[in-house]
Amino acid sequence: MLNVTLPDGTVKEVPVGTTPLDVARSIGEGLARQTVAAYFGDDLVDASRPIESDVHLRLVTLNTPEGLEIYRHSTAHLMAHAVKELFGREVQVTIGPAIESGFYYDFYSDTHTFSPEEFDKIEQKMAELAKENLPIERQVVKSAEAIKLFNEMGEDYKVELIEDLGEEEVSLYRQGTFVDLCRGPHIPSTGMLKAFKLTSVAGAYWRGDEKNAMLQRIYATAFTDKKELKQHLHRLEEAKKRDHRKLGRELDLFSFNDEAGAGLVIWHPKGALLRTIIEDFEKREHFKRGYDIVMGPQILRTELWKTSGHFDNYRENMYFTEVDEQSYGIKPMNCLAHMLIFKSKKRSYRDLPQRYFELGTVHRHEKSGVLHGLLRVRGFTQDDAHILCTPEQLDGEIKKVLGFVRDVMGIFGFEYELEISTRPEKAIGSDEDWERATHALKSALDDTGLPYEVNEGDGAFYGPKIDIKLKDALDRKWQCATIQCDFTLPERFDLSYIGSDGEKHRPVMVHRVILGAIERFIGVLIEHYAGNFPLWIAPVQVKVLNVTDSQAAYVEQVCEELRSEGVRVQADLRNEKLGFKIREAQMEKVPYMLVIGDQEVAAGTVTARHRSGENLEPMKPADFIRFIHEECKLYH
RNA sequence: GCUGGCGUAGCUCAAUAGGCAGAGCACCUCACUUGUAAUGAGGAUGUUGGGGGUUCGAUUCCUCUCGCCAGCUCCA
């Protein structure tokens, strides 16, 4: 008999060969139904793995994130199984992991191309195989034997995987006629798999390398019951309604135009206003924090891009133009002019830090396939700044920037993720420089008390960086703010300041953006608010609606009064029913509507309706203006 | 850039096994003077993304190109 210690400390005596599933069953049938795997100490194993010595046993159940991941991984196997049943040797299997909210499986075929029309067929086959409730069995074999097996089956990718693993033995998982190389663990049998749906098919390179073969990746989602699956699909539908590309058109904020070119935003009046409001906000915030606003030219001579290193390292992404036999590069970054400003006169340590801020419009030739609404464009404006300081000031400057990020994200109500990237293999600058800069970034991050990820070796070749990422409606992460140390540019431009010792010293440079690209930020912002902008940034804050023509003059008067106090207001004097005008204002997501009928004219008041449907008491226009100003102040 | 899908009116979408391209909303006109999410009637709306080809005839088939979508890769 063996002793099995459960998480609560109780010890069970069981015969050799008892499985975790048996243990679960002995506790309760319900628990057994939920058990998908188990921990023997720190080892994650199948629920059907026999217990052969005394162990600390922890069951992994479906209602845990870990359990769900195993469940999804098993669903991926079920899909591969179904595909092999349907297509046989025409399709080869590769790998298929669980991912956030589902899984995918990559297939190779040079004769068959998967299309969404086949999803039903594959799902049906999966359901059949699940219904058969095939046991999923683990088998450990010698690698040579496995290679022979997969060779016979014509599964070249599996053979390659085993060869690369270089292990003595590998584990295989079998369910019915289907065999897959897999570390596991898996659920006990296919009958547990109940709710799944194939969602899309797309290309993916074998092992993520664009030099390798293109595989066909089928994405799917899976949940432990049908209700949750339905809810998930519903959430996706809801997220689509927030898509900034859709809202951008509906709210008449911006557009793209084939003839103008891909990835080039055309801002319509309301979008341009929204952007202006955010830019004005940024200028105020930068002034408050001791930045100087600067402006550089849109094109600079190609020679200068050679000096900076952009010509060698970034040429493919740049646009060039030639006039009078003189070559110019259209700026993809704003740093050059900032370097020239610093260099324009002799600097003393007393002048540092210099903080140059520019709402700089840049153009980058991004690959066509990566363009995505406002979130990835070819022409965009960064809220860019370069801070030139002494090495001693670096730490403090970075902390200030992180504080700036925190303040701004707080105002917009964003949660964000932090990442730090450290020295890559190929890097310039002394160990000392890297050490100091990395330390400065880390200690500033630690100061925030927020969790952050460390991406070892993922920094730029010129310095370590902190990235701040926001999520879009579909949970895709987009880098917005970034704080980067740079050792190259001060050197390449031979920047210097005179220290207290009377000697020349090299300043340290921090490159940073807070919102990142205004375009991208607004894209994420639209989705974040689902188009319901808070009052202080809403391009139209108030719409004034008359009930009949007879109130037109009073409406004009009210608009005038509001406008003169800086309220962004629009009148709707069309000869339409009130309900119709309200509906339109509602769809435009205007925060406040002022309804003006004979009562309001007689009393000299306005009756405000919030887009939530709530009505305010009638009040004098002056009081409403105060009310609006108060609400705007709540945000910043 | 790569793989796959897609491109019809301002928007959302029909249609044609290759044979006069259609609906709703929006737009315009008229009537109605309206009190909290769509008043009614009438009217106009297209190089079917663009070029080339096959065909008596192409929105439909082929080809190139531009753009969009999903994903991969990339993202100083």
Side-chain angles (χ1 to χ4, degrees), chain A residues 99 104 106 108-109 113-117 199-219 240 243 245-246 249-250 252 255-264 308-310 312-318 332-335 362 364-373 375-376 382 384 421 424 458-463 465 467 474 476 478-479 482 484 486 488-489 511 513 516-517 520 545-552 574-588 593-600 607-611 613-615:
Chain A
I99 52 172
Y104 66 77
D106 286 346
Y108 173 80
S109 175
T113 330
F114 290 107
S115 86
E117 283 87 63
T199 51
S200 63
V201 56
Y205 300 107
W206 168 236
R207 295 187 154 176
D209 189 333
E210 64 181 322
K211 288 187 213 65
N212 288 343
M214 182 63 82
L215 306 173
Q216 299 180 55
R217 175 171 298 178
I218 299 180
Y219 282 89
K240 274 190 200 156
D243 191 316
R245 293 166 295 187
K246 184 175 151 71
R249 185 172 52 240
E250 287 171 359
D252 199 15
S255 64
F256 292 90
N257 183 291
D258 291 4
E259 290 174 286
L264 301 169
S308 68
H310 287 85
D312 287 337
N313 294 299
Y314 203 66
R315 196 181 346 171
E316 288 73 34
N317 288 289
M318 286 180 67
M333 295 179 203
N334 301 302
C335 28
V362 297
R364 299 182 185 174
H365 185 263
E366 303 287 353
K367 288 181 181 176
S368 61
V370 305
L371 302 175
H372 185 96
L375 300 182
R376 190 83 181 259
Q382 296 178 300
D384 205 358
S421 300
D458 222 20
F461 72 89
Y462 55 74
K465 60 176 184 169
D467 289 333
L474 291 168
R476 293 178 287 211
W478 297 90
Q479 183 186 305
T482 175
Q484 312 183 339
D486 189 340
T488 332
L489 281 187
H511 162 107
V513 288
R520 174 177 290 182
L545 321 174
N546 57 340
V547 178
T548 70
D549 286 349
S550 64
Q551 300 98 25
R574 291 174 304 171
N575 177 18
E576 296 288 353
K577 292 179 100 161
L578 182 62
F580 179 83
K581 295 188 188 182
I582 286 178
R583 179 185 154 79
E584 293 226 322
Q586 201 70 48
M587 293 197 304
E588 288 167 27
M593 294 155 237
L594 294 184
V595 177
I596 307 294
D598 286 338
Q599 293 161 31
E600 284 77 13
T607 304
R609 178 195 202 272
H610 188 256
R611 64 185 160 199
E614 203 181 327
N615 268 329

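It should be emphasised that the depicted structure is a prediction, and the values quoted were computed from it without experimental measurement. Order of the sequence lines sets the chain letters (A, B, ...), proteins ahead of strands, with each chain counted from 1.
Of all nucleotides listed (B/A38, B/C2, B/U73), B/U73 comes nearest to the side chain of A/Glu210. Checking B/G35, B/U36, B/A70 against the side-chain heavy atoms of A/Ile582 singles out B/U36 as nearest. The side chain of A/Thr548 lies closest to B/U33 when the candidates are B/C69, B/U33, B/U73. The nucleotide whose nearest atom lies closest to any side-chain atom of A/Met587 is, among B/C2, B/C69, B/A37, B/A37. Distance from the side chain of A/Arg249 is smallest to B/C11 among B/C11, B/G4, B/U39. Checked against B/C72, B/G35, B/C74, the side chain of A/Arg217 finds its nearest nucleotide in B/C72. When distances are taken from the side chain of A/Arg476 to each of B/G35, B/A70, B/A38, the shortest belongs to B/A70. Across B/C74, B/A37, B/C27, the shortest atom-to-atom separation from the side chain of A/Arg574 is found for B/C27.
Here the shortest heavy-atom pairing between A/Ser550 and A/Asp598 reads OG-OD1, 3.7 Å. Of all heavy-atom pairs between A/Gly373 and A/Phe256, the closest is O-CZ, 3.3 Å. Of all heavy-atom pairs between A/Pro424 and A/Gly459, the closest is CG-O, 3.4 Å.
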(request) Starting at the 5' end of RNA chain B, write a dot or bracket for each base, bracketing those in Watson-Crick or G-U wobble pairs whose two distances are under 3.5 Å and using | for partners on another strand. (result) (((((((..((((.....[..)))).(((((.......))))).....(((((..]....))))))))))))....

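The gap from the P atom of B/U8 to that of B/A15 amounts to 14 Å, rounded to the nearest Å. B/A38 and B/C25 have their P atoms separated by 14 Å, with the value rounded to a whole Å. Going from the C1' atom of B/C28 to that of B/G10 covers 14 Å, rounded to whole Å. Distance check on atom C1': B/G51 versus B/A70 gives 28 Å, rounded to whole Å. The same atom, P, is picked in B/G24 and in B/C64; the two are 39 Å apart, to the nearest Å. For the P atoms, the distance from B/A41 to B/A23 is 15 Å, rounded to whole Å. Going from the P atom of B/U63 to that of B/A9 covers 24 Å, rounded to whole Å. For the P atoms, the distance linking B/U59 with B/G53 amounts to 14 Å, nearest Å.
Atom P of nucleotide B/C2 and atom CD of A/Glu366 are separated by 16 Å, given to the nearest angstrom. Between the CD1 atom of A/Ile596 and the C1' atom of B/U33 there is a distance of 17 Å, rounded to whole Å. One interatomic measurement links the two molecules: CG of A/Leu578 to C1' of B/C32, which rounds to 16 Å at whole-angstrom precision. We find that CG of A/Leu371 is positioned 14 Å from C1' of B/U73, with the value rounded to whole Å. In this structure, the NZ atom of A/Lys246 is 15 Å from the C1' atom of B/C69, given to the nearest Å. In this structure, A/Lys367 places its NZ atom 20 Å from C1' of B/C66, rounding to the nearest Å. Computed from coordinates, the A/Phe256 CZ to B/C68 P distance equals 8 Å when rounded to whole Å. Distance A/Lys577 NZ to B/A38 C1': 10 Å, rounded to the nearest Å.
Using a 4.0 Å cut-off between charged side-chain N and carboxylate O, A/Glu584 and A/Arg574 make a salt bridge.
Residue-level contact check: A/Gly579 touches the backbone only, with heavy atoms under 4.0 Å from sugar-phosphate atoms and none from bases. Looking at heavy-atom distances under 4.0 Å, A/Asn257 makes no contact with the nucleic acid at all. A/Asp598 comes within 4.0 angstrom of a base, heavy atoms only. Base engagement by A/Glu600 is indicated by at least one non-hydrogen atom pair under 4.0 Å involving a base atom. Residue contacts shown for A/His511 are absent, as no nucleic acid heavy atom lies under 4.0 Å away. A/Asn313 comes within contact range of at least one nucleobase, with a heavy-atom separation under 4.0 Å. Here A/Gly613 lies out of heavy-atom contact (under 4.0 Å) with every strand. Across all strands, A/Lys465 comes closer than 4.0 Å only to sugar-phosphate atoms, never to a base (heavy-atom distances). Across all strands, A/Glu250 comes closer than 4.0 Å to no nucleic acid atom at all (heavy-atom distances). As judged by a 4.0 angstrom heavy-atom cut-off over every strand, A/Thr607 is placed among the base-contacting residues.
Residues satisfying the salt bridge (charged side-chain N to carboxylate O under 4.0 Å, His left out) criterion with A/Lys246, sequence neighbours excluded, are A/Glu250. Scored by the salt bridge (charged side-chain N to carboxylate O under 4.0 Å, His left out) test, A/Glu366 finds A/Arg376 as partners (sequence neighbours excluded). Shown here are the side chain to side chain contact (heavy atoms under 4.5 Å, CB included) partners of A/Ser255, two or more places apart in sequence or in another chain: A/Ile266, A/His268. Annotation: salt bridge (charged side-chain N to carboxylate O under 4.0 Å, His left out) contacts of A/Arg609 (sequence neighbours excluded): none. Qualifying ring-ring contact (aromatic ring centres under 6.0 Å, His included) partners for A/Phe114, counting only residues two or more places apart in sequence or in other chains: A/Phe87, A/Phe107, A/His112.
For B/G1, the OP1/OP2 oxygens have no side-chain nitrogen or oxygen of A/His365 closer than 4.0 Å. Distances shown here put a side-chain N or O of A/Tyr219 below 4.0 Å from the OP1 or OP2 atom of B/C72. Phosphate contact (OP1/OP2 of B/G35, side-chain N/O of A/Arg609, threshold under 4.0 Å): absent. For A/Arg376 and B/G71, the shortest distance from a side-chain N or O to OP1 or OP2 is not below 4.0 Å.
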(request) Output, in order, the C-alpha distance, side-chain angles, deciding distance and verdict of side-chain contact (heavy atoms from CB on, under 4.5 Å) for A/His511 and A/Tyr462. (result) CA-CA 11 Å; A/His511 162 107; A/Tyr462 55 74; 5.7 Å; no

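Across the interface with RNA chain B, nearest-nucleotide mapping of A/Phe580 and A/Ser368 shows A/Ser368 to be the residue nearer the 5′ end. Residue-to-nucleotide proximity on RNA chain B shows that, of A/Gln479 and A/Ala204, the 5′-proximal contact is made by A/Ala204.
With hydrogens and angles left out, the side chain of A/Tyr205 and the base of B/G71 share no donor-acceptor pair within 3.5 Å. Side chain A/Glu117 to base B/G5: no donor-acceptor pair is found below 3.5 Å.
In this structure a side-chain-to-backbone donor-acceptor pair under 3.5 Å is missing from A/Ser200 to A/Tyr219.
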